[in-house]
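Notes for the one structure printed next.
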Amino acid sequence: MNGVNAGIKIFASLTAEWVEPPLMIMGAVLVSGLRIIIAYLFCMLCIGPLVYAFHRKPRALDRMRSISQILGSVPATAFFPILIFLSLKYFKAEEVAVHLLLITGMIWYLMFKILGGAAKIPGDILEASDSLGLKGNLYLKRIFLPCLLPAIITGSITAFGGGWNTLVVAEYFKHAGKVLTHQLLLKEVW
């Protein structure tokens, strides 16, 4: 009987070594993916209404594009120490720091593409929508969103790529001699 019990213990330990790491990896990918989706939705909620409000004002749209290009020329990693310090000081949560870093790594891709798409809406379409009296939700559904759909798709693809790149840094950083990783959250979940 001792041999059987020893065999079961050995099999259980080997199974745990083989099964647990893939589960941890799948959990980490799931948590990381959820972080990126949350940051993406936040970016879209900031940029979408802003572009919609100014897309019919060419001078304001040009100013927005210029300001976003100036701010976007600064690498997102330059903001990381400041964002980490502020989020840990005021929010006392590593998760807030991770999301702020993700937002800085994703927002510019969306903003550049969507602003570019809004600037390229043909004047004929805008003029036709004015003559037909399209306003509000009808204008949004029939004119604005269909015209911006290619820009939204390409901006989203590049933003998700930028988000995964940013996640490499955002999920592993040091603060006050302590390494903060996404593993802290995973240990709580599992």
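No hydrogens, no waters, no symmetry mates; every other heavy atom, side chains included, goes into these values.
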Closest heavy-atom pair and its distance - Ala151, Gly117: CB-CA, 3.9 Å

How long is the span from the CZ atom in Arg142 to the OG atom in Ser129, to the nearest 0.5 Å? 13.0 Å

What distance separates Ile47 CD1 from Ile107 CD1, expressed to the nearest 0.5 Å? 4.0 Å

Shared hydrophobic cluster, Ile153 / Tyr109 (ILVMFWY, side-chain heavy atoms < 4.5 Å): no

Do Thr158 and Thr154 come within less than 4.5 Å of each other through their side chains, counting heavy atoms only? no

Drop me the distance from Ile143's CD1 to His55's NE2, to the nearest 0.5 angstrom. 9.5 Å

Which is it for His99 and Ile38 under the side chain to side chain contact (heavy atoms under 4.5 Å, CB included) test, yes or no, and what are the steps along the way? CA-CA 8 Å; His99 284 285; Ile38 290 168; 3.8 Å; yes

Should Trp164 and Ser32 count as side-chain neighbours, where that means a heavy-atom distance under 4.5 Å? yes

Mind telling me whether Phe144 and Tyr52 have parallel, tilted or perpendicular rings, with 30° and 60° as the class edges? perpendicular

Hydrophobic cluster membership, with links at side-chain heavy-atom distances under 4.5 Å among I/L/V/M/F/W/Y: are Leu138 and Ile125 in one? yes

Verdict with reasoning, Ile114 to Met44, per side chain to side chain contact (heavy atoms under 4.5 Å, CB included): CA-CA 10 Å; Ile114 293 174; Met44 282 299 286; 3.9 Å; yes

Taking ring pair (Phe, Tyr, Trp, His ring centres under 6.0 Å) as the definition, give me every residue that meets it alongside Tyr40, ordered by chain and number, with sequence neighbours left out. Phe160

Rounded to the nearest 0.5 angstrom, the CZ-CG distance for Arg65 and Asp62 is 6.5 Å

So which atom in Cys147 and which in Ile121 form the shortest heavy-atom distance, rounded to 0.1 Å? CB-CG1, 3.8 Å

Nearest-0.5 Å distance that lies between atom CD1 in Ile103 and atom CD1 in Ile36: 12.0 Å

Only counting residues at least two apart or in another chain, list the ones meeting salt bridge (Lys or Arg N to Asp or Glu O under 4.0 Å) with Arg63. none

If you draw a 6.0 Å radius around CZ in Phe112, do more than 12 non-hydrogen atoms from other residues or ligands fall strictly inside? yes

Can Ile157 be reached from Val51 by stepping across I, L, V, M, F, W or Y side chains whose heavy atoms are under 4.5 Å apart? no

Looking only at heavy atoms, which two atoms of Lys113 and Gly155 are closest? And how far apart? CG-CA, 3.5 Å

At what distance, to the nearest 0.5 angstrom, does CD1 of Ile37 lie from CG of Leu102? 11.5 Å

Show your reasoning for whether side chain to side chain contact (heavy atoms under 4.5 Å, CB included) applies to Tyr139 and Leu126. CA-CA 10 Å; Tyr139 174 79; Leu126 295 175; 3.1 Å; yes

Do Leu110 and Leu140 belong together in a cluster built from hydrophobic side chains that touch within less than 4.5 Å? yes

Assess the residue pair Leu61 and Lys57 against the criterion (side chain to side chain contact (heavy atoms under 4.5 Å, CB included)); give the C-alpha distance rounded to whole Å, side-chain angles, the decisive distance to 0.1 Å, and a yes or no. CA-CA 6 Å; Leu61 197 61; Lys57 301 171 184 152; over 6 Å; no

Connected via hydrophobic side-chain network under 4.5 Å: Leu45 and Leu100: no

For Ala39 and Met106 the tightest heavy-atom approach is CB-SD, 3.8 Å

Applying salt bridge (Lys or Arg N to Asp or Glu O under 4.0 Å), name anything that partners Asp130, two or more places apart in sequence or on another chain. Arg56

